[in-house]
Every structure is written in structure tokens, then in C-alpha cells.
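Just so it is clear, the structure is predicted and the values come from calculations on it, not from any experiment. Numbered from 1 within each chain, the chains take letters A, B, ... in sequence-line order.
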Protein chains: 2
Amino acid sequence: MKPIKVGLLGLGTVGTGVIRIVEGNQEDLSSQVGSPIVIEKVAVKNLVKARNITVDADKLTEDPWEVIRNPEIDVIVEVMGGVESTKEYILEALERGKHIVTANKDLMALYGAEILAKAEEKRCDVYYEASVAGGIPIIRTLIESFSSDRITRIMGIVNGTTNFILTKMSQEGASYDEVLTEAQALGYAESDPTSDVEGLDAARKMAILGTLGFHTNVELRDVSVSGISSVTKEDIAYAKRLGYEMKLLGIAERQDDQISISVEPTMVSQQHPLASVNGVFNAVFVHGEAVGETMFYGAGAGELPTATSVVADLVSVIRNLKLGVSGLKSISPYKEKHLIQDEHISYKNFILLHVDDKAGVLAQITQIFAEYDVSLASVVQQPNEQNPDAEIIIVTHNASKASMDKVLKHFDTLSVIRKVKSVYRVEG
Amino acid sequence: MKPIKVGLLGLGTVGTGVIRIVEGNQEDLSSQVGSPIVIEKVAVKNLVKARNITVDADKLTEDPWEVIRNPEIDVIVEVMGGVESTKEYILEALERGKHIVTANKDLMALYGAEILAKAEEKRCDVYYEASVAGGIPIIRTLIESFSSDRITRIMGIVNGTTNFILTKMSQEGASYDEVLTEAQALGYAESDPTSDVEGLDAARKMAILGTLGFHTNVELRDVSVSGISSVTKEDIAYAKRLGYEMKLLGIAERQDDQISISVEPTMVSQQHPLASVNGVFNAVFVHGEAVGETMFYGAGAGELPTATSVVADLVSVIRNLKLGVSGLKSISPYKEKHLIQDEHISYKNFILLHVDDKAGVLAQITQIFAEYDVSLASVVQQPNEQNPDAEIIIVTHNASKASMDKVLKHFDTLSVIRKVKSVYRVEG
């Protein structure tokens, strides 16, 4: 049987995993696709770098174009990362009729629509399961398994770095800075951790999930984002005392034909299945009108889990190729996008205030909530251990984002409030 | 666009859900498949029965053959249940070139191989996602998302009735009989609950999952089964005290090219994600060599969750039909089946003994474990509250099934042991 020839762009962690799985599971893979799969050519940054895997020297090249332009190659597996030049490689590969498997969330979040349009034009496949939540098959699940349902909500712990940091802070009472340093030493956080800790990585993944779940083209600028760098160990201690765990949660929700997508540190009820997703694990919780609550849990990153998704996509792409149905199965977003206005997004809030410790303060503050129609689930006032202020801890009932913004703006003008220490969304 | 015509066999809970979704989500569904989907004909048991849904009288028939033989119909959705006559309907429908979507685990566990062979011969699709774990897309996940990996272990809570009973027993300290009566009143257990409580339903689902996970034809007789009807509230209290929850767990595992499949009440560590799957929810935990630990959680039964899976299969079948690739995507089991011998299956065990309350008994008993090379993780002896015996609670380290059988056989001959009260597998 004529082998299927694959070109690999990138030989970092995931690329190494792809070669290991394709070579190690060759017998099973060829039983499933009906012919051998050969990694024909691999583009690397540096030919002479030491690697954890042995690859024939004549398969390696430092020039990605040599892979893209190789007429023998049927499928390009892109695991090199990067956005602008990577986009050029992918578009040119599609132009030449090659099918694509990519693990690149940045690329798909920013240029997914353009790439998928080119693929449709050229009747090529583009699969990207590994771009969100590593080994968890959430993209295939949204596209195929929930094709019958109308998704109302997707909540995801889709960034392992921040989940590792928040889990450690919660379990050990450590500070953000301490744990970030540890995560960097362990290789769980990059030396410049901004993209992870400020929520940008999660936002890109949520844009992809929102697009698939709601059949509309969610762009990165549609996602409201805040990260975890200002979360303190005190915030986490309060969360736990009230029965919550702090998680960086991506939330994509739909009300009728309007949607909203956000990423922010969120207090999740300890009863909710997402609360016990710890360390570098990822999970995606999906609620559909018909299917109700479901959750998908697994490793969100790592050489072999991510490569599992890449190679499963490769199997699908090769089977489509052999059946002659490449590029015929993708469904472009078919709905207009309408974002929910802040007046219509509502959820519970946790607010921690430092206030003057004198009579009448609590009355003034609760009066402001009443003024903007925000009702309160619980209010605790207590002396602050470190200084002469008092602390007020408030949990609201569901309140619109617009009203909460007004409350917080009003707080700015109130002299008895020394500081609005923390405000978090509360879920579950 | 020419509509796709569907014949429905059965209009019980799931059938009603299928009609609701197909009619309610028609716009989304036809955007995805490219033409309207019409439920053309519905076979029911009783034409005049009161229903929760209105269906045109001229679409209903009491004769399934009228649906099977209707030349207009492209796809048969079988949600009537039953085995022998249902098999005849399905085989005849395939003979006539109709594609099949079924939710029937009994049929697929008993005659799956025969049905899939006929489908292959006739180039027809047979999809059966809803046959295992209702709304959880575990079958598509095993077939497609983990095509690249070698599965080592599948552990499932795949029967909602027994999980409801065990959860209630655990949370309320109630007895099996009390909770079974309540489950029957709520409609969670049938008036003859044997198939659920004795583990047969779970065994059928595990045979299906084992076949897909290990690429070999697992038959019902390959599954060793025991149910929950002898689980006492005392057993559950011991489990909790030791840090476990009692679950009816299906376990399919592979060692090299040998497999074993079992269903039995199992003490699952409270730290394991399966331990917190409660009530009628289902979950399937999958471990693969590359992907590591994953878990899939959702509603295991019910009108709309199950119908979500049925209609998602219907979408796939229709898309294949339009692309001209029906029947070309199934992969028959391609590995020989080898079952693991009892000497090579090993796990931890919990054993509760009632013994004579006199000197030297514990020494005699621990001597027997030593004789068969079973090492012990913990041993507690305590007076029994109800009678003059003493209780001994033992948790072993991993021990082979064969050795444990010898230990228990030896116990039969030992006069100081009044009764072997309980023996359970321990996981996690």
C-alpha cells in the first residue's frame, strides 16, 4: 500500500511526541487508515541542536518552505507555533492542495476564519483538536457529538499554567509570586509568563470554543479578559472559607441569539465538578439545552497528550483523503454574531472592601447596592488584622455587569471606602 | 433541497426526545446537513396510547415492517429496545440499504459483530453512540479521538440506576432495599430491576467499550459480573471510613495483548474523579499510554440527553450519505482476543470477616494471607457491636485474583471464621 507522506513543521515538545506516536503505534495506525504513515520531512529551527529523539539527518531541514513545497507530501502537521510567518506557510500549503493538522491556538484564534476559507476553496482539510486543551477531544465533541444540540454555556479551565499556580496557592497558602517562581523552575510557566497569567492564552482558546459552540465567528477582541497576577493568597483564603475555589475560568454563554465570552479569575463552588480540577489538568464543562451538564477532563498540555490529539486528527485527515471527501466536512459559522450588552450579563459577585471602622459605614455601602438594584446574598463586617480599617466581605445575588460597574464607580467617590481590595465573579 | 427521510422504531422516552430535537432544532440541523430532516414514519406499540408529544396520525403504525420496507426512508432510528425481533428488523433494513442509528446496547453487545458485518457488506452505516452512557460521547471519542493512542484502561460508571442507589445509600446511610423502593417510585429503577442491579446492563456497555477500546471482539460472556444487591449499608460505612466511595464500576483493562473486563461493586478512593460522580450521572474514565488520564461526564440516560446522541449520530449518517461514504468508515476489530488469566489480574481487596473473639485468631488469618503471598496494607480488629464475634477488616496490597480466591477458599475450612461478610475490589 502506498504510504501517506507527512511533513512536520516544528520538532519541539509536541513534534517529538508526534514522531514517537506515529512510529511507536505504526501497526495500529496503519490498520486504521489502510496504509503506512511516513514522516517525510521535518522543519526545525536548528539542525545541530541536541534532541530527545533520533531523526534521520536527511529528513531535517531548517527551511520550512522545503517541507511546504515538497510535492511528495500530502499532509502538513504544524507544531512550530508562531503566527504571522506560520500563517504564510499554512496558506501556501493549502494553495498547493496539502491538508493541515495544527496545534496552534494563536493562529486559529487570530486567522482561523481566513485559513478555513482557503481550505474550503482548495477542498483541503484543516484539523486543530490539539489547539485547545491538549489531550481532551473537546473540538471534535463540539463539532460532531453536540451537532444535534444548542449549546448554552461552555466553561473551561483551559490554561494549565494558571491552574497549577492557583491550585498551589490554594493548597499551600502560598503567594502568587512564590508559586510563579516555582512554576517557572518546573517548566510549567515561561520566563515571560504574560500570555498565560494575563489570560490571553485562555482567551484565544475560548474564542475557538465559542466559535464552534455557537456557530458564529468569535474573535479575540470579543473576549473580555483579566488574568490572575493580582490574585492574592488572602483572596484565595476568603474563597475557601466561603466554599469556593479560585479558578481562571473561560465562560462562553448564549442567551437566545446573543453571546458573551470572558476569561477571568472566578470563585467556583466547591460542589461544582470544575472546582476539583487541579494542577496542570484542564477541563471543559459544556451545558446544552438537550444534553444538560457534561464535562471533559484530561491533560491540557505535554508532549504525548497533545500529540495524541494531533495524530488522531492526522488519522481523520488521511481517512478523508482516501475516501475522497477532504475539505467537504467542515461547517463554516452560519450565524450572525450579536454580543450581549453588559446590562444583560448577570452573575454573582464577591467584593472585599477596606473601610473606615466607624458607625454608619455599612449602611452607606448597602444603600449604594440598593440604589443600583443589586441585592446581596451575604455581608460580613470584621476588623482587619493588619490595620485600623474594617473589612467588609459581600457576596451579591445575580447582578448585571452594568449595575455592578455603576456600584464600583460610585464606591470611588465614597470617602469611607479606603480601598476596593478585590472583586471576583462567582459561579456554581 | 430534497429532504432526508427518517423512519423511527419506537416512541418511548428516547423516541419522543428524538422527535423533539429533530423538530425543535430543524434550522440548525439543516444548516449542518444541507437539507431538511423529516421523520417520515414511526412504529409504535399501541396507536391509541396517550403520549407526551403530538405526531400526525398517518405517520404512526403498529407494524415495524411498514417502516423498514418503506422505500422513501433512508435512515432507520431504532429506539424500541428488545433483541431478537429488533435484530431481524435491523438486518432487513440493512439488506434494503438503509442506514441505522440505534440506542440499543443489548442488541449491540449481543449481535454487534453480526450487524456491523452486514452493514459493511451493504455499505451502510450503523451508529450507536446512545447505547452507552446516554449523552456522553464516549463511543465517538474511543473510535476517533483516541485512534492514535493505545488504551490501557477504561473504568466506567455506566448504569444510572445503581449509581443512584449507591449514592443515596452513601449520603443517607439508608439500606439497599429502602433506596431501591424509592428509585422504583421515582422511575429510576424498573419494577424488575435485575438487569440493572445485578450488573448485566453495565456488562453489556462494558463489552461495547472494551471492543472499541481494544480493537477486539469482546463478548458478554467475557465480562465477569457481580451486582450491588448484596451491598449493605455497613459495607458503605466501612468504605467511607477508609476514604472510599462504593461504586458499581465497569473495568476493562489491557496488559500487552491480553485483556480483562469486569463489572463489580468497587471501593473507589475519594480522591479519584469517579468517586464524586453521583446520582443518575454517568462517567467514563479512560487511560491511554499517550494521553494519560481523561474523564468524560454527563447524563447517562433520560429523554433529551440520550436523544442528543441519537440525533448527532443521525447528522453524521446523513453527512456520510451525502458525501457518498456510507459504510466506508467503520473499522472492524482487527486483533485476536486473549483474556488475562486470574493469576495475572491483580488489585487491592477489602475483606470484612466475623471471627471468634479469642486469642490467636488474627495470627491464624494473617498466616493464610502470607501462605498465598498476599501482602496486607491494613488490618483492624474490633469487637462487633451486635454479637459476641469480633470483626476483622483487612485491606490488601495488589494481589492476584487467583491468590485471593485461594485465600477465600481456605477461609471456608477455618472454624474460627464465623463468616466472610464482604469482599470488594478497591481502586484508586
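Contacts of A:K205 classified as salt bridge (Lys or Arg N to Asp or Glu O under 4.0 Å), with partners at least two apart in sequence or in another chain: A:D201.
Interface remark: A:R150 contributes backbone and side-chain atoms alike to the contact with chain B (heavy atom separation under 4.5 Å). Using a 4.5 Å cut-off between heavy atoms, B:F285 does not touch chain A at all. Residue B:K329 touches chain A through both its backbone and its side chain, counting heavy-atom pairs closer than 4.5 Å. Looking at B:S332, neither its backbone nor its side chain comes within 4.5 Å of chain A, counting heavy atoms on both sides.
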- Message: What verdict does the side-chain contact (heavy atoms from CB on, under 4.5 Å) test give for A:F146 and B:T308, after you've listed the backbone C-alpha separation in whole Å, the side-chain angles of each residue and the deciding distance to 0.1 Å?
- Response: CA-CA 7 Å; A:F146 294 153; B:T308 301; 4.2 Å; yes
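The environment of B:Q270 atom CD is dense: over 12 non-hydrogen atoms of other residues, nucleotides or ligands sit within 6.0 angstrom. Within 6.0 Å of the CD atom in A:Q271, the count of heavy atoms belonging to other residues, nucleotides or ligands does not exceed 12.
If you tally non-hydrogen atom pairs under 4.5 Å between each of B:E293, B:E144, B:H215, B:E129 and chain A, the highest count goes to B:E144. For chain A, the option among B:L304, B:N25, B:D149, B:V277 with the highest count of heavy-atom pairs below 4.5 Å is B:N25. Ranked by heavy-atom pairs shorter than 4.5 Å toward chain A, the options B:G298, B:A290, B:G135, B:S31 are led by B:A290. Of the listed residues (B:V310, B:V291, B:T294), the one with the most heavy-atom contacts under 4.5 Å to chain A is B:V291. Taking A:L29, A:D28, A:I136, A:V286 one by one and counting their heavy-atom pairs under 4.5 Å with chain B, the maximum is reached by A:D28.
B:M295 is not listed as a side-chain neighbour of A:F296, based on a closest heavy-atom distance of 4.5 Å or more.
Paired with A:S148 under the rule side-chain contact (heavy atoms from CB on, under 4.5 Å), one option of B:V311, B:V18, B:V22, B:D313 passes, and it is B:V311.
For the atom pair A:K335 NZ and B:E27 CD, the distance stands at 6.5 Å (nearest 0.5 Å).
Taking all atoms of both residues into account, the shortest heavy-atom contact from A:A312 to B:S147 is CA-OG, 3.6 Å. Minimum interatomic distance between B:R319 and A:I331 (heavy atoms only, all atoms of both residues): NH2-CG1, 3.5 Å.
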